[in-house]
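Notes follow once the structure below has been shown.
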Amino acid sequence: MNPTEIYDALAEIAAEPFDATEFPFAFAAATDGAKAAISKLRSGSTNKSDLPGGVLFGKKFHFAPALAGMTDVTLDQLHSSKKTKTSKPAILIATDGEMISAEHPASGDTLHCRFDELGDNFGFFLPAAGKERYRAVEENPVDVKATGKLARLYDTLTKANPDWGCDERRHEMNQLMMRLIFCMFAEDVGIFPDNQFSRLLFTHAGDKGEEARETIIAAFRAMNQAKDKRDGLPAWTGELEYVNGGLFAGTIDAPRFDAVAFRYLREACDLNWREINPDIFGSMIQSVADPKQRSELGMHYTSVPNIMKVIGPLFLDDLDAEIHKAWDRAKGLQQVLDRMSRIRVFDPACGSGNFLVVSYRELRARETRILRRLEELIGPGSLTMFSAISISHFYGIEIADFAAETAKLALFIAEYQANASFAEIFGRRPAALPLKDAAHIRTGNSLRINWAEVCSPPGEGEDVFIVGNPPFAGSTYQTADQKDDMRELLSGHFKTFKDLDYVICWFFLAARYLRSNNASAAFVATNSICQGQSVPMFWGNTLSENFQIQFAHRPFKWTNNAAKNAAVLCVVVGISAGNNRKKVIYDGDLREEATSINGYLVEGPNVAVAASNSALFNLPKMYRGSAATEGGNLILTETEAQDLSEQFPEAAKFVRKFQGSKEVVRGEMRWCLWIKDEDVELAWSIPPIAERLRAVAKFRAASKNAVTRPAAETPHRFWFISGEAESHSILVPRVTSERRPYLPVVRVGADVISSDLNQVLYDAPEWCIALIASRLHIVWIGIVCGRLESRYRYSNTLGWNTFPVPKFSEDQLEALSASARKILRCRYSHYPATIAELYDPDKMPDDLRAVHRENDDLLETMYIGRPFRNDTERLEKLFKLYAAKVKSQDAKGAKA
DNA sequence: AATCCGACACTCG
DNA sequence: CGAGTGTCGGATT
């Protein structure tokens, strides 16, 4: 059950007459209890309650009936019940049929409400259904309730009017919803007098909504006409306000309402729309038109703090500095106001308009501050002006029609709310109706639209700020349409681009827009665009004299108030056409000025380490381990391996030790079937192996990947075999935790097959271990390789092949090998501690720290004659060596 | 033939 | 139920 359904079920209970014996089972059903479990509960066999008349339903809830007016006392009894302590139910609930007292023991939150408000407090009871409470519920219940009602209304309307659910009429449907929302909002905040809209609607629409369609059409037509021009419309429409403003322009139609839809409409009208919060609300009601989005309820809306990370450094901070400077000079403040009146904000992926709404609100707040100050400076009442910041200065492009309509509406509401607080302070406000301006929201694919046509480039003395949080999609997650967009846009401009994230397209278009205009842009993006291969692919090719990163937020975890958050780290990257302003890097709470910011979002010149297929500094060749790609059929657990060898002794030769990165770090072992081509027949003759091979073939044949399918012909082989060791292998996990002070690296015998989750040096000298286990190396890898969220990702092409080392002498190599042996010996001395335990930053043994320190000092002295002072110095040296090598190679390449 | 990545995908406490 | 931490194979070159 989703939250909306739980809301409905609880509301239904609240509407029925109260029955103390039946209530707990109805409540169990409403909070997603399984039928069978409830009938067991009813029979008493699973009811563990120790209170009279009580019902304790597993970990879900503990209920007890209360005497009239005593719900508090009963809740106390529930709270101190022994059974509550042992069973730990998510919710305690007591009721006498009049009032409810409830508690969420995990947080200590309590709820007291009337019985008939049970449904309205559904958020509180979600834990009984095994759902974490949706935190926005606590912040703003109206938003959530409104979303639920509107979703219901939308569903029933499209079900009763199938033509309204199809593509051709979707826009009209969305418009209808927005107009209804506007009317409900307007009458609750006093733009319309005295519940005018719903009063007339429910007077003329019939008891069950028989005439709802005609009534709504007439009402909307009236609102689109000045009061004296309403010929041909029913007389009752005469008192409706003239709204216009684009909101009621265009076709006006409505679907037929059945009794159910009409009831939802009535319930929606009954909500208090005064309280809605336009920035969050907009994101939530996007889910109204898209059932797929409902389970995520706003997973991808940008929270206000994250929006501030974009618009603060992009323009608000500068504005604040100007205001501060002019604070005592009326003339100076007037100039700031003047400038603000010529600011335009453009979000080319605006969704329901969060960025635009928040930007608008922030600008209006600053304007109000200035006007107040001006009154202090030149006397009260001396100003008659009203706001010069119009919502028509806000531009957006959005691909989903419903969201685009929401954005327009959200700005109307934001405008109204800003005017209301203006009126509170200055006692004057413009007439709310008719609506004058509207935001410019274009519905369409942002990557196929000329941005300059949507938001004309700024003229002299004007500013355009481009903001937003465009969608992220890595190459594996892109749809065919998105791939088309990328090809259309980027081919011809980049050698390779298909591995770039979809979000890059917005940076590309923003850069194009601001190259010829005095504008700047900043977007939220996935952190991967500033890591690993994306940096040489994109930033390395684009950053230049006249296009720079102006500010950046280093990676931060994505959060908003939605119940389920997207799992991703984000960055904010602000770009501007070349200018000499100071650059700023934000990292958590830190703010640091810089002279230039490179594609890795660190201070420094525009370096971008490109993947290299061979080692630039004469290091041994590093391979990726062998990739099985077999749906789990060639891999065995310890018991599977033992059983196989015992039952079929001739199979023993095919069973090999097998380690991926997890096994390396935790000191574990798996097994795999490793069958040489010459043994194929023997392998197929062993039944359990044959069975596995058939499964491998089936799995590969069914692959979506054209490169995998041919390997179905040779199911006995790993899909990709990189090599086999003669004496030993050195394994480096390709993804590992970022908490460890050194990268994990181990030496294993030739009997171990490494999976492709490790990078492998086959039969390489021991000094390689000393390099990989060094501080220098982890610092280099941390910068130039990609990351999985924040985890280290070890790549041979990006990290190992590019790792700069000085030319070592034989003696030096011998010293490094001895140092590597010392590290290994020290680890053995702590046997059976695993790599994970040994390198846990909180538990790392002192002696191991000491040998690593010695190893670092030894290696670093070979670079500069002494240990480095800090990581900044390490990176500077490494990048210097790298740059010199690339330069000399280019020179060689040019000669040849 | 070889490699990078994941608005991720698990597990464990 | 979120903090911790690495699977697996598709897509690309």
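Chain letters run A, B, ... following the sequence lines, proteins first and then strands; every chain starts at 1. Computed from heavy atoms alone, side chains included, the values below leave out hydrogens, waters and symmetry copies.
Using cut-offs of 30° and 60° on the angle between ring planes, the pair A:H852 and A:Y742 is parallel. The aromatic rings of A:F718 and A:W674 stand perpendicular to each other, their planes meeting at an angle above 60°, with 30° marking the opposite boundary. Under the 30°/60° scheme for interplanar angles, the aromatic rings of A:W780 and A:Y882 are found to be tilted.
In this structure, A:I635 atom CD1 and C:dG9 atom C1' are separated by 12 Å, rounded to whole Å. One can place NE2 of A:H104 at 9 Å from P of C:dC1, the figure rounded to the nearest angstrom. What separates CD of A:Q659 from C1' of C:dG6 is a distance of 15 Å, to the nearest Å.
Nucleic acid contact for A:S722: none, since no nucleic acid atom lies under 4.0 Å from a heavy atom of the residue. Nucleic acid contact for A:K495: none, since no nucleic acid atom lies under 4.0 Å from a heavy atom of the residue. Backbone-only contact: A:R670 has heavy atoms under 4.0 Å from sugar-phosphate atoms and none from a base. No engagement by A:N801 is indicated, since no non-hydrogen atom pair under 4.0 Å with the nucleic acid exists. At the heavy-atom level, A:F699 lies under 4.0 Å from the strands shown only through sugar-phosphate atoms. As judged by a 4.0 angstrom heavy-atom cut-off over every strand, A:V665 is placed among residues touching the sugar-phosphate backbone only. In this structure, A:P470 reaches the bases: a heavy-atom distance under 4.0 Å links it to at least one base atom across the strands shown. Here A:R700 lies out of heavy-atom contact (under 4.0 Å) with every strand.
With C:dT7, C:dA11, B:dA7 as the choices, the nucleotide that has an atom nearest any side-chain atom of A:K704 turns out to be C:dA11. For A:K498, the listed nucleotide lying nearest its side chain is C:dT13; candidates were B:dC4, C:dA11, C:dT13. Of the candidate nucleotides C:dG6, C:dG10, B:dC5, C:dG10 has the atom nearest to the side chain of A:T708. In this structure, of B:dA7, B:dC5, C:dG6, it is B:dA7 that holds the atom nearest to the side chain of A:A566. Each of C:dG6, C:dT12, B:dC4 was ranked by its minimum atom distance to the side chain of A:R666; first place goes to C:dG6. When the nucleotides C:dA11, C:dT13, B:dC4 are ranked by their closest atom to the side chain of A:N796, B:dC4 comes out on top. When distances are taken from the side chain of A:K483 to each of C:dG10, C:dA11, B:dA7, the shortest belongs to C:dA11.
The phosphate of C:dG4 has neither OP1 nor OP2 within less than 4.0 Å of any side-chain N or O from A:R791.
Summary of the strand contacts: A:W719 and A:K662 both lie near DNA chain B, and taking for each the nucleotide with the nearest heavy atom, the more 5' one is attributed to A:W719. Across the interface with DNA chain C, nearest-nucleotide mapping of A:F658 and A:E738 shows A:E738 to be the residue nearer the 5′ end. Nearer to the 5' terminus of DNA chain C, by closest-nucleotide assignment, is the contact made by A:S755 (compared with the other of A:S755 and A:D499).
Taking 3.5 Å as the limit, the base of B:dG6 and the side chain of A:R793 contain a donor-acceptor pair of atoms between them. Side-chain N/O atoms of A:D501 and base N/O atoms of B:dA7 include no donor-acceptor pair closer than 3.5 Å. Remark: the A:E789 side chain and the B:dC8 base include a donor-acceptor N/O pair separated by less than 3.5 Å.
Two rings, from A:F538 and A:H493, have their centers 6.0 Å or more apart.
Remark: C:dT7 base-pairs with no nucleotide; criterion is Watson-Crick or G-U wobble with both hydrogen-bond distances under 3.5 Å. Base pairing of B:dA7 is not made with any nucleotide, judged by Watson-Crick or G-U wobble geometry with both donor-acceptor distances under 3.5 Å.
Heavy-atom contacts from other residues, nucleotides or ligands closer than 6.0 Å to CG of A:D677 number more than 12.
Smallest separation of non-hydrogen atoms from A:R787 and A:Y792: NH2-CE2, 3.7 Å.
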